[in-house]
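A short worksheet on the structure shown next.
Note that the numbering runs from 1 along the sequence shown for the chain.
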Amino acid sequence: MTTCDNTSVGVLITDHQGRYLVFDRATLPHGTAPAAGHIDDHGSSEDAARAEVEEELGLTVTGLTRITGGWRENRCRRLPGARGTGHEWTVFQAAVTGELVPSAREARNVRWIDADTLQDLTDRTVAHAQGQLSGAEFQAAPGIEPVWIRWLVDVTAIHISCDDLLRVEQLTR
């Protein structure tokens, strides 16, 4: 099994209508999310962001702007790295070009969603964090991947209470 490098990137992509490009993760952790992944051997966080968008969505990144990030104690499917369980995240807003060609190995149900749908998916994650949805129910019809909730709050794309944010954080560990 691979050891985690404790570094990750996330890439928020929006279109001219303000819709968000998301997909349901085909691998753990479950949830609906933008493109993301480990930096690994990609070099810089920018290089990793470009590579993840290409790998997961088949799109070419034409511009990147760092919008948030920081350390998160979120687990992954790899063995804990030198810093234990967690990742130093860099989250970008990206401009892209090309034809959407999603990876069948990594992405299901790729779609553009508006801000209201993003909030609805967030509310589903909160319901899961509150114990109103089982893990199986969340997996069958996921909300936003829990690690993404903090980043989307940071950029004011979604709104949840501080108490619910803490509950969602517990899902990432």
Side-chain angles (χ1 to χ4, degrees), residues 4-76 86-103 105-126 142-162 164-165 168-169 171-172:
C4 181
D5 69 352
N6 295 121
T7 58
S8 289
V9 295
V11 187
L12 196 60
I13 300 168
T14 54
D15 67 7
H16 65 282
Q17 297 172 18
R19 298 179 304 168
Y20 300 87
L21 183 57
V22 298
F23 56 90
D24 298 339
R25 295 224 171 270
T27 58
L28 292 175
H30 299 295
T32 300
H38 289 89
I39 292 180
D40 290 329
D41 297 327
H42 293 300
S44 68
S45 57
E46 291 85 357
D47 291 338
R50 287 182 185 92
E52 291 298 331
V53 169
E54 173 68 29
E55 289 170 21
E56 294 177 356
L57 300 167
L59 298 171
T60 301
V61 172
T62 59
L64 286 171
T65 303
R66 184 188 185 284
I67 55 174
T68 190
W71 177 258
R72 301 291 299 288
E73 292 181 2
N74 67 301
R75 66 184 180 276
C76 69
H87 302 85
E88 184 66 36
W89 281 80
T90 305
V91 180
F92 296 97
Q93 175 76 43
V96 296
T97 191
E99 183 180 335
L100 191 59
V101 183
S103 164
R105 186 180 73 78
E106 299 201 39
R108 297 180 323 214
N109 193 20
V110 178
R111 63 211 183 269
W112 292 96
I113 62 171
D114 62 21
D116 290 339
T117 303
L118 184 66
Q119 186 64 53
D120 290 344
L121 290 168
T122 297
D123 295 344
R124 186 160 181 80
T125 303
V126 169
I144 297 298
E145 180 186 346
V147 73
W148 271 95
I149 298 291
R150 162 55 66 194
W151 306 136
L152 294 170
V153 165
D154 284 355
V155 300
T156 66
I158 59 170
H159 304 282
I160 67 171
S161 73
C162 293
D164 284 336
L165 183 57
V168 170
E169 284 293 312
L171 294 175
T172 68

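Between L100 and L21, some side-chain heavy-atom pair lies under the 4.5 Å cut-off. With contacts defined as side-chain heavy-atom distances shorter than 4.5 Å, the pair E106/T27 does not qualify.
The line from CG of D40 to OG1 of T7 is 6.5 Å long, rounded to the nearest 0.5 Å. The OG1 atom of T90 sits 11.0 Å away from atom CD1 of I67, with the distance rounded to the nearest 0.5 Å. Atom CZ in R19 sits 10.5 Å away from atom OG1 in T14 (nearest 0.5 Å). Distance CD/Q119 to CG/D114: 11.0 Å, rounded to 0.5 Å. With rounding to the nearest 0.5 Å, the separation of CG in L64 from CZ in R50 is 5.0 Å. With values rounded to the nearest 0.5 angstrom, T65 atom OG1 is found 9.0 Å from F92 atom CZ.
Taking every heavy atom of both residues into account, A49 and V11 meet most closely at CB-CG2, 3.6 Å. When all heavy atoms are compared, the tightest approach of S44 to I39 is O-CG2, 4.1 Å. Nearest heavy-atom pair, C76 versus H38, reported as atom, atom and distance to 0.1 Å: SG-NE2, 3.7 Å. Closest of all the heavy-atom pairs between E54 and T60 is OE1-OG1, 4.0 Å. In plain terms, the two heavy atoms of L121 and T32 that are nearest each other are CD1-CG2, 4.0 Å. The shortest non-hydrogen separation linking A26 to A107 is CB-N, 3.9 Å.
No side-chain N or O of T117 forms a donor-acceptor pair with one of D120 less than 3.5 Å apart.
In summary, R72 and E169 engage in a salt bridge, as defined by a charged side-chain N under 4.0 Å from a carboxylate O.
E56 contributes a side-chain N or O that, together with a main-chain N or O of A36, makes up a donor-acceptor pair within less than 3.5 Å. No side-chain donor-acceptor contact under 3.5 Å links T68 to the backbone of W151.
Between W89 and W148, the angle of the ring planes goes over 60°, which puts this pair in the perpendicular group of the 30/60° scheme.
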V168 vs T122, side-chain contact (heavy atoms from CB on, under 4.5 Å): CA-CA, chis, key distance, verdict: CA-CA 10 Å; V168 170; T122 297; over 6 Å; no
Worked check of side-chain contact (heavy atoms from CB on, under 4.5 Å) between H30 and L28: CA-CA 5 Å; H30 299 295; L28 292 175; 3.1 Å; yes
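Evaluated for a side chain to side chain contact (heavy atoms under 4.5 Å, CB included) with I149, the options D154, I158, V126 yield exactly one hit, I158. Applying side-chain hydrogen bond (donor to acceptor under 3.5 Å, both in side chains) to H87 and the options N74, N6, T172 leaves one that passes, N74.
Atom CG of D41 has 12 or fewer neighbouring heavy atoms from other residues, nucleotides or ligands inside a 6.0 Å radius. Other residues, nucleotides and ligands contribute at most 12 non-hydrogen atoms within 6.0 Å of the CD atom of E99.
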